[in-house]
Number of protein chains: 2
Amino acid sequence: MSNASPLPLLDPDVVPCCPPLTERPLTAEEAVRTAAMFKALGDPVRLRLFSAVASHEGGEACVCDISDVGVSQPTVSHHLKKLKEAGLLTSERRGTWVYYRVEPSVLAAMGHILGRYAAA
Amino acid sequence: MSNASPLPLLDPDVVPCCPPLTERPLTAEEAVRTAAMFKALGDPVRLRLFSAVASHEGGEACVCDISDVGVSQPTVSHHLKKLKEAGLLTSERRGTWVYYRVEPSVLAAMGHILGRYAAA
DNA sequence: CCTCCATTTCGATGAACGTCTATGTTGACG
DNA sequence: CGTCAACATAGACGTTCATCGAAATGGAGG
């Protein structure tokens, strides 16, 4: 394939996990890896935290910016950790604050997995 | 309502739930509804069952076609019920067998929610 | 009717999860 | 150094969930 594009397009390495759900039945192993991503977004609090980061200006936010989700601070920290373990967020400490940022490739992978319906 | 379009395009009613995660922080209520969809796909067994239906010829499959996922048959039925409650599958009985079918609009909604990353 | 087969429902059990309070860690600033 | 603020970790508690075996439902066929 002549993939000489200089644009930041999706390259195959970015979607290493699994084929679209509509292509063929997932194997057990594929299902485990894919389910982990969906599971990470399967909690309302995590989803709000993730959305808050994703929609924040600059594509990143410190914890203090997004802690107003109705649960205690340790719970926020706990959920951010889960999102990080799932590969959906990355974090970086800068001085006093810790900044979280969306990992675009994982989102792209999820979109890819949803298959033709998602692209409609 | 003037819904006179003859084309099977995505109409707004099909994506009633929520804006893309990247557009603005989700409200609590939006997060609950959206998380339910992701949660339904957040289990490996459910994901395999869903994939089996989605990839089956004709876009539908009877339970007997997709029961080889390594759990007991009642457990399969349990997960299919969950997927149905989440709006991801529909079912119809034809004689002895029950056929499950993918609900495309919900998949489209999820793709929409994933936002620009998924569409890339 | 009676039986067979596919599927669902029921009830129980053990693991995983979300949440909290209390405490620890890390950097900034006098 | 001492203190404060931001964030993470630890441990406990109640709830939800996935799973199973057993029993119920409901068409199909003799």
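Letters A, B, ... mirror the listed sequences (proteins, then strands); counts begin at 1. Fair warning: this is a prediction, and the values are worked out from it, not measured in the lab.
Without hydrogens or angle criteria, S51(A) side chain to L26(B) main chain gives a donor-acceptor distance under 3.5 Å. Using modelled atom types, no side-chain atom of R101(A) and backbone atom of T90(A) make a donor-acceptor pair closer than 3.5 Å.
Among the heavy atoms of the strands lying under 4.0 Å from R46(B) are primed sugar atoms or P, OP1, OP2 only; no base atom is included. Heavy atoms of Y100(A) sit under 4.0 angstrom from primed sugar atoms or phosphate atoms, though from no base atom. Residue-level contact check: K82(B) touches the backbone only, with heavy atoms under 4.0 Å from sugar-phosphate atoms and none from bases.
Contact check on E103(A) versus K84(A) returns no salt bridge, with no Lys/Arg side-chain nitrogen under 4.0 Å from an Asp/Glu carboxylate oxygen. Note on E30(B) versus R24(B): salt bridge recorded, some NZ/NE/NH1/NH2 to OD/OE distance being below 4.0 Å. A salt bridge links E92(B) to R94(B): at least one charged side-chain nitrogen sits closer than 4.0 Å to a carboxylate oxygen.
The CG atom of L80(B) sits 11.5 Å away from atom CZ of F50(B), with the distance rounded to the nearest 0.5 Å. Put simply, CG on L21(A) and OG1 on T34(A) are 7.0 Å apart, with the number rounded to the nearest 0.5 Å. Of the inter-residue distances, the one linking E60(B) atom CD with I66(B) atom CD1 reads 11.0 Å to the nearest 0.5 angstrom.
Using five terminal pairs a side, the axes of the helix from dC1(C)-dG30(D) to dG30(C)-dC1(D) at its two ends make an angle of 20°, given in steps of 10 degrees.
Atom CG in L47(A) sits roughly 15 Å away from atom C1' in dG18(C) (whole-Å rounding). Distance Y99(B) OH to dT8(C) P: 13 Å, rounded to the nearest Å. Atom-to-atom, CH2 of W97(A) to C1' of dC4(D) comes out at 13 Å; the value is rounded to the nearest Å. In this structure, L49(A) places its CG atom 12 Å from P of dG18(C), rounding to the nearest Å. Atom CG in D43(A) sits about 18 Å away from atom P in dA16(C), given to the nearest Å. K84(A) has its NZ atom 13 Å from the P atom of dC7(D), to the nearest Å. One atom, CD of E92(B), and another, P of dG26(D), lie 17 Å apart when rounded to the nearest Å.
Listed by first and then second residue, the disulfide (SG to SG under 2.5 Å) pairs that reach into residues 44-82 of chain A are C62(A)-C64(A), sequence neighbours excluded.
Proximity of residues 50-81 of chain A to DNA chain D (heavy atom under 4.0 angstrom from any strand atom) is restricted to C62(A), V63(A), C64(A), Q73(A), P74(A), S77(A), K81(A).
One finds no side-chain N or O of R93(A) lying less than 4.0 angstrom from the OP1 or OP2 phosphate oxygen of dA8(D).
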Check nucleotides 12-16 of chain D against the protein and report each pair of N or O atoms closer than 3.5 Å, with its distance, or say if there are none.
none

Which pairs of donor and acceptor atoms, one on a side chain in residues 36-47 of chain A, lie under 3.5 Å apart (sequence neighbours left out)?
unit_1 : atom_1 : unit_2 : atom_2 : d
D43(A) : OD2    : V45(A) : N      : 2.9
D43(A) : OD2    : R46(A) : N      : 3.1
R46(A) : NE     : A40(A) : O      : 2.7
R46(A) : NH1    : H79(A) : ND1    : 3.1
R46(A) : NH2    : K39(A) : O      : 3.4

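Cluster note: Y99(A) groups with W97(A) through ILVMFWY side-chain heavy atoms spaced under 4.5 Å, whether in direct contact or through intervening members.
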